[in-house]
Every structure is written in structure tokens, then in C-alpha cells.
Student: 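Below is a structure I'd like to ask you about.
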Amino acid sequence: MQITPRSEDYSQWYIDLVRKAGLADYSAVKGCMVIKPYGFAIWEYMQGALDKMFKDTGHVNAYFPLLIPKSFLSKEAAHVEGFAKECAVVTHYRLKNSEDGTGIVVDPDAKLEEELIIRPTSETIIWNTYREWIQSYRDLPLLINQWANVVRWEMRTRLFLRTTEFLWQEGHTAHSTRAEAETETKQMLDIYAKFAEEWMALPVVRGVKTETERFAGAVDTYCIEALMQDGKALQAGTSHFLGQNFAKAFDVQFTNKEGQREFVWATSWGVSTRLMGALVMAHSDDEGLILPPKLAPHQVVIVPIPKPLPDLEETINKITAELRAVGIRVKIDNDDQNRPGFKFAEYEKLGVPIRIGIGARDLANGTVEVARRDNKTKESVAVDNLTGHVQQLLTDIHQNMYTRALAFRDEHITRVDTWDEFVKVLDEKTGFVLAHWDGTPETEETIKQETKATIRCIPIDAPAEDGVCVKSGKPSSRRVLFARAY
RNA sequence: CGGGGUGUAGCGUAGCCCGGUUAGCGCGUCUGCUUUGGGAGCAGAAGGUCGCAGGUUCGAAUCCUGCCACCCCGACCA
């Protein structure tokens, strides 16, 4: 039942935590996972918050099919290049009993005329549909999001961080001008950054991907990059400016106010269940999860210290009603099989932000014991002041988690000017490295080969600064962010 | 696909080299009683085709052959 300590094996700690906190489990199919109720509840709070942010900025939800004609994928050259190697393909539509009666086999007579792929992302099927929907500038902008599952046949998988099938949202928008599409791309990036910071308590760096790291089919890929406790970077969300690439590939044109035909401008943007992995790896400790209050399925858990006192139940019901009245999610653990000590440890493992203990001693004093998960402190609080205190505490916990993660992140952004330093920082200090780069894919590739570090992004707010590339010595006009990444 | 490792009860494991009682232990599960302010105690019980298939042998968890699965490391990626 023990969770492997981070200092011993970070990777194993992560797996232990995901499984022992009941977030997810392996399934019968390699690379696919079962998201368990507790994990799915967290995902639902993420979905709820993001969905509201999308709706508040004028987007609507729709749903496009899981299966895509194979030919669609090949219409955009870079796109097919990027995804062809990891597509699952449907070739038949029927099974039958085998001749020797030992099992069930694919019926060779049921071969599909055109094979279908399971979507690795939906640009193609969506743009094929948008062609029908868009005729005039009056049809624009088209601002659609979908919540869906996608499949990418990865060679190596890890729970939440990279699974064969995963859940995500993908926004796909169409605009009449380049400027409007670019604004949309940046707006969605800002929404992701805001979500990460305000809901996940996760500080992120906003940036642009290099040509090498760009989404297949995009003109520009923007991203938010987060830092995990082991010093590795994790891409937490992406927003792409697609230019007219898909409009041209699928012939999506509109008539402008002047009566001329033009190709539309596009964006797409997404975050996935990978965020669950980020949440775990950014905040948790060797005792278990530490959840930010806004995403915690139970924000407060009440553990009675059982004595045969009828007043206990009465007081618990009263404070529960008050907490719930102000919208706080409260769980009461009345289970009499486990002792309080066991429950304390259990809810720490589950990352519940606040635990309230109440027993005979408290009852006599008119107080309860309030324990914070984020910093493991305990205090005695008068029942009369409890609701306001808990509300404030939830805010404080979020702030503390964010501040702590930000301090760690900032301590792990290192400016380096020489190759020796570059390698040393990556190996010993870990984290992000801010260094000059000559702007060529060749140098980027060399650095990747030699250090396993990639350019995570060119930070959006990076100031212009003349220097020389840390690897090639050629001139550079600004620093970029390197790291080893998930 | 290359390199390394592991398969014994729900989980974690001992036994394997050197074949020979009824395959042992911890956690968990079930029943009962006593407990309950940091992972409870006692008593009892259930739970196993020893990854699969062959082979050697009087006898295989143990030896041999083949296969399968999973994990870790590398090549691909959000």
C-alpha cells in the first residue's frame, strides 16, 4: 500500500499515486487506461470550468464522428506526415465464427470499400464539413468546440501523460481575416494559461513552438509549458494558427463583402486528460495527492471521532449544512469500520484540501480541528466562525499552492551562455534553461541528440536580446526555453 | 523493433540454484467481540489450474523447449 517516495523513483511515485489515489488503472488493452470515478470527477470539474470559459467567449459545442475516411487525412501534406504513423485503421465491419469453431475471426467478405481511421484529431473531418457550412462572410466566424476521445498509437505510454486513447476538447474556428484568426489563437492560449493558474494552481510559460515542434498542418503553434517537480517540462495545452492550410486542402471559401471568393482562416486548440498528469506531478507529495480546492471532488471532509454522543451528529449536520449552503463540497465519513487515524491518512492520499475532525473534546469547547492538506498544519476553530474560515482557507490553499509551484518554477529557469553550463544545468539542476539559439532546425536537432533537451517554446514575452547561440556560436536575437520534457 | 527484467491468492512476496509432506508469509477480504483525537487488538474463516503449452521423471512451482503477457531503458509523440 506504500507509495514509492519521489526521491527514490519519481516515475514510480507517479504511477503509485495515480493508482492508489484511485485516479486511473491499467486496462486489458495495452496503452489504454480506465479513468476511475475519483479521477473522472476531477476531469469533470476541469471540463466544467473550461467549457464555461469557451462559452463565455462565444464558442458552442458540437460533435463530429470518431471515424474518418482514410483519404481525408492525406489532403493536407504536413498533417498526414505528422499523423500517419500513429493511426488506428478500421478495415472490416463484421466478425464471424471461425471454421474450426474455436473462436471468432474477421469476416474477409466484410472488407470496407474505403478504410476508415480512428481520429487522432479532427481537423480533416471538420474542415470537410465546414465547406458545406460556410458560403458567406456572414457565416463567419464559426466558433466550435467538441469534447471527444481520440486515438494515437504511441509506442510508449504512461497513465494520463500519454495513452493510446485519451479524452480532450478540440476547438476549431473559421474566420474571414488572418488577424481575427491570430487573435483567436492567442485568446485561447490565454484562456488555457488562466485555467492552469486559476484552477490548477499551475504556473505556465506562454510561448510559440519552433518549426520542428509545431503541430502538423499549423502555421504557428502556441503552447503553455509547465514544470514538474522532477524538473521536466510538460506541455499542458496548445493553440494553433492554421492559416489557410486546411481551407485550401478542403476548399473552404467564402464570399466577402466585395463579392470576391477567399479562403477562410483557421485555428484549432486543445487540452487533454494529460492535464490530470500535470496536476499530480506539479503539486503532490510522498503521502499522496494535493489537489487545488477548485478541482477537488471533496473540498472538505469531516471525520467524526466516534464517541457515543448524540450531539456529535447534530453538530456535524449543522456545520455541513452551513458549508454546503455557501457552495462548498463536503463529504462526511461516517464509516465506523475504520479508525480516525486511518481516515486521516486516506484523505491525505486523496488530496482533500481541508479535513475537519470533531470529537468529544471539541464538542465541549465549541470547536473543531481543521487540518490543511497543502502544508499539513492543524488548528482549532470555533464552530461559530467555521464557514467563513473554511471559505478563506480554500482561497489561501489555492494561493499557497500556486505560489509554491511558481517559486519552484522560477528557481528552475536558468539563464546560461555557454555549452558547458547548458549541459551541466540540464544534468544537475534540471528545469528550464534560457539560452540563445541560432534559429536553425539543424542546431535544434544537434542539441536534442546530445542532451535530450528540446526547445519547449520561444516565450511570448521574451525581450529582444543580442547574443550568440549556445551551441553553434552564431548570432541570435533572443533567448529560447529549453528543457527535457514529458 | 533492439537491450534488460518479471510472471506463485485481490495486492506484495518466500520457495526455484540442489525436483520429494497438505506451496508458506504479510497486507487486504469475510464473521464475532473489544476498540476509536494519526494507518487498532484478539479469535476464527474463505481465497491458488504456481503466466500458457509441450517435454524429462515414479514424482515438476522447481529441470528442458516453445509461446504469451506485462514492466523498465532506447527510437516516435500531446
Side-chain angles (χ1 to χ4, degrees), chain A residues 1-4 9-12 14-16 19-20 25-32 81-87 120-121 149-170 192 209 212-216 218 221-226 232-240 268-278 287-288 303-309 312 333-349 355-365 367-371 376 378 380 448-449 452 454 456-457 485-486:
Chain A
M1 287 303 284
Q2 285 305 309
I3 295 168
T4 305
D9 184 342
Y10 188 85
S11 182
Q12 192 58 46
Y14 172 76
I15 294 165
D16 286 355
R19 303 191 68 189
K20 287 171 181 165
D25 232 328
Y26 293 114
S27 75
V29 180
K30 181 175 162 62
C32 295
E81 174 79 13
F83 286 106
K85 293 187 296 293
E86 52 192 54
C87 283
T121 177
N149 58 339
V150 288
V151 167
R152 296 182 188 175
W153 216 266
E154 304 287 355
M155 290 185 256
R156 282 191 66 195
T157 57
R158 303 190 66 187
L159 294 170
F160 287 118
L161 297 177
R162 178 168 298 105
T163 46
T164 300
E165 178 188 11
F166 57 95
L167 305 184
W168 76 346
Q169 58 68 217
E170 45 180 328
Y192 288 154
K209 288 292 188 189
T212 317
E213 300 281 328
R214 191 180 292 159
F215 172 73
T221 288
Y222 292 83
C223 62
I224 52 171
E225 293 284 330
K232 287 175 81 174
L234 182 87
Q235 179 174 308
T238 50
S239 183
H240 315 290
S268 69
W269 27 274
V271 295
S272 72
T273 37
R274 177 176 241 211
L275 289 177
M276 295 286 294
E287 275 72 55
V303 178
I305 312 302
K307 289 279 196 229
L309 293 177
L312 205 57
D333 188 343
N334 272 327
D335 183 335
D336 59 2
Q337 297 306 305
N338 294 313
R339 293 157 60 103
F342 176 85
K343 294 179 184 180
F344 294 170
E346 192 67 11
Y347 291 111
E348 278 160 14
K349 189 172 74 184
R355 184 186 71 236
I356 296 179
I358 175 164
R361 220 158 59 201
D362 296 294
L363 217 53
N365 298 334
T367 61
V368 294
E369 181 189 76
V370 176
K376 304 279 266 314
K378 288 194 273 199
S380 201
K448 184 179 174 182
Q449 290 301 322
K452 290 177 192 162
T454 50
R456 302 318 303 154
C457 68
Y486 279 100

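Note that these values count all heavy atoms, side chains included, but never hydrogens, waters or copies made by symmetry. Source: prediction; values computed, not measured.
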Student: With heavy atoms under 4.0 Å as the rule, sort A:Glu348 into base, sugar-phosphate or nothing.
Tutor: base
Student: For the pair made of CG in A:Asp336 and P in B:rU35, what is the distance, rounded to whole Å?
Tutor: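 Taking atom P of B:rU35 as the reference, CG of A:Asp336 is at 14 Å.
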Student: Sticking with atom P, work out how far B:rA43 lies from B:rC27, rounded to a whole angstrom.
Tutor: 12 Å
Student: Within the structure, does a side-chain N or O atom of A:Arg339 lie under 4.0 Å from either OP1 or OP2 of B:rA40?
Tutor: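 Result: yes.
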Student: Give none if B:rC25 has no partner; otherwise give the nucleotide forming a Watson-Crick or G-U wobble pair with it, both distances under 3.5 Å.
Tutor: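 B:rC25 is paired with B:rG12.
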Student: What's the gap between B:rC1 and B:rG55 when it is taken at their C1' atoms, as a whole Å value?
Tutor: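 These two C1' atoms come out 31 Å apart once rounded.
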Student: Rounded to the Å, how far apart are A:Lys209 NZ and B:rA78 P?
Tutor: 8 Å
Student: Can you confirm whether the side chains of A:Thr454 and A:Arg456 place a donor and an acceptor under 3.5 Å from each other?
Tutor: yes
Student: Base, sugar-phosphate or nothing for A:Phe166? Non-hydrogen atoms, less than 4.0 Å.
Tutor: base
Student: Could you check A:Gly31 against A:Glu165 and say which one's nearest nucleotide on RNA chain B is further toward the 5' end?
Tutor: A:Gly31
Student: Taking the same atom, P, in B:rG38 and in B:rU21, what whole-Å distance lies between them?
Tutor: 48 Å
Student: Could you measure between the two P atoms, the one in B:rA45 and the one in B:rC25, and give it in whole Å?
Tutor: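 One P to the other, the span is 12 Å.
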Student: Quick one: does NZ or CZ of A:Arg274 land under 6.0 Å from the six-membered ring centre of A:Phe166, within 45 degrees of the ring axis?
Tutor: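 The answer is no; the distance or angle limit is not met.
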Student: To the nearest angstrom, how far is A:Asp25 atom CG from B:rG10 atom P?
Tutor: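 Roughly 15 Å, once rounded to whole Å.
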Student: Between the side chains of A:Glu369 and A:Arg361, is the shortest nitrogen-to-carboxylate-oxygen separation below 4.0 Å, so that they form an ion pair?
Tutor: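 Looking at A:Glu369 together with A:Arg361, the answer is no, because their closest N to O distance does not fall below 4.0 Å.
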Student: Tell me the interatomic distance from A:Gln169, atom CD, to B:rA78, atom C1', rounded to whole angstroms.
Tutor: 12 Å
Student: So, under a plain 3.5 Å distance rule, would you say the side chain of A:Lys378 forms a donor-acceptor pair with the base of B:rG38?
Tutor: yes
Student: Sticking with atom C1', work out how far B:rG15 lies from B:rA60, rounded to a whole angstrom.
Tutor: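 Between the two C1' atoms, the distance is 13 Å.
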Student: What integer number of Å spans the P atoms of B:rG7 and B:rC50?
Tutor: 15 Å
Student: Base, sugar-phosphate or nothing for A:Thr163? Non-hydrogen atoms, less than 4.0 Å.
Tutor: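 The answer is base, as A:Thr163 lies within the cut-off (heavy atoms under 4.0 Å) of a base atom.
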Student: Nearest to the A:Glu154 side chain among B:rG39, B:rC76, B:rU36, which nucleotide is it?
Tutor: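 Selected nucleotide (nearest to the side chain): B:rC76.
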Student: With a 3.5 Å limit on both atom pairs, tell me what B:rA75 is paired to, counting Watson-Crick and G-U wobble, or say none.
Tutor: none
Student: Any carboxylate oxygen within less than 4.0 angstrom of a Lys/Arg side-chain nitrogen, looking at A:Lys349 and A:Glu346?
Tutor: yes
Student: To the nearest 0.5 Å, what is the distance between OG1 (A:Thr273) and CH2 (A:Trp168)?
Tutor: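 If I round to the nearest 0.5 Å, the distance is 10.5 Å.
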Student: So, under a plain 3.5 Å distance rule, would you say the side chain of A:Asp362 forms a donor-acceptor pair with the base of B:rG37?
Tutor: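 Check passes, donor-acceptor contact within cut-off.
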Student: Which nucleotide, B:rC76, B:rG39, B:rU36, lies nearest any side-chain atom of A:Lys85?
Tutor: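 When the side chain of A:Lys85 is considered, B:rC76 is the closest of B:rC76, B:rG39, B:rU36.
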Student: Any idea which heavy atoms bring A:Cys32 and A:Thr164 closest together, and the distance?
Tutor: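 A:Cys32 and A:Thr164 have their closest heavy atoms at SG-CB, 4.0 Å.
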Student: Between B:rG5 and B:rU65, how many Å separate the two P atoms, rounded to a whole number?
Tutor: 16 Å
Student: Please tell me which of the listed nucleotides, B:rG39, B:rC77, B:rG37, lies nearest to the side chain of A:Ala345?
Tutor: B:rG39
Student: Taking any strand in view, what nucleotide pairs with B:rA53 in a Watson-Crick or G-U wobble way, both distances under 3.5 Å?
Tutor: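 Base partner found: B:rU65.
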Student: Sort out the partner of B:rG47 for me: Watson-Crick or G-U wobble, both distances under 3.5 Å, none otherwise.
Tutor: none
Student: If you assign each of A:Ile15 and A:Arg355 to its closest nucleotide in RNA chain B, which residue comes earlier from the 5' end?
Tutor: A:Arg355
Student: Tell me: CG of A:Leu234 to P of B:rC77, nearest whole Å?
Tutor: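 In whole Å, B:rC77 P and A:Leu234 CG are 16 Å from each other.
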Student: Check whether more than 12 heavy atoms from other residues, nucleotides or ligands sit under 6.0 Å from atom CH2 of A:Trp153, and answer yes or no.
Tutor: no
Student: Choose from B:rG39, B:rG38, B:rG37 the nucleotide whose nearest atom is closest to any side-chain atom of A:Arg361.
Tutor: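 Per side-chain heavy atoms of A:Arg361, the pick is B:rG37.
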Student: Using a 4.0 Å heavy-atom cut-off, does A:Leu161 contact any base of the nucleic acid, only the sugar-phosphate backbone, or nothing at all?
Tutor: base
Student: If pairing requires Watson-Crick or G-U wobble contacts with both distances under 3.5 Å, which nucleotide is the partner of B:rC17?
Tutor: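 For B:rC17, the partner nucleotide comes out as none, under the 3.5 Å rule.
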Student: Applying a 3.5 Å limit to both distances, which nucleotide forms a Watson-Crick or G-U wobble pair with B:rC70?
Tutor: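 Its partner is B:rG5 (Watson-Crick or G-U wobble, both distances under 3.5 Å).
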Student: Across the strands shown, which category fits A:Gln235 at heavy-atom distances under 4.0 angstrom: base, sugar-phosphate, nothing?
Tutor: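 Sugar-phosphate contact only.
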Student: Starting at OH of A:Tyr26 and ending at P of B:rC11, how long is that distance when rounded to a whole Å?
Tutor: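 Whole-Å distance recorded here is 14 Å.
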Student: Write down the distance between OH (A:Tyr486) and P (B:rC76), rounded to a whole number of angstrom.
Tutor: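 From A:Tyr486 OH to B:rC76 P: 19 Å.
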Student: May I have the distance from A:Glu225 (atom CD) to B:rC77 (atom C1'), rounded to whole angstrom?
Tutor: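 It is 13 Å, rounded to the nearest whole Å.
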Student: If we take the P atom in both B:rA69 and B:rC52, what is their distance in whole Å?
Tutor: 15 Å
Student: Does B:rC33 have a Watson-Crick or wobble partner in any strand here, with both distances under 3.5 angstrom, and which is it?
Tutor: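 Its partner is B:rG41.
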Student: Counting only side-chain heavy atoms from C-beta out, which of B:rU36, B:rA78, B:rG38 sits nearest to A:Phe344?
Tutor: B:rG38
Student: So with a 6.0 Å cut-off around NZ of A:Lys376, is the heavy-atom count from everything else above 12?
Tutor: yes
Student: Spell out yes or no: do the side chain of A:Glu369 and the base of B:rG38 have one donor N/O and one acceptor N/O closer than 3.5 Å?
Tutor: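 Counting by modelled atom types and ignoring angles, no donor-acceptor contact under 3.5 Å is found here.
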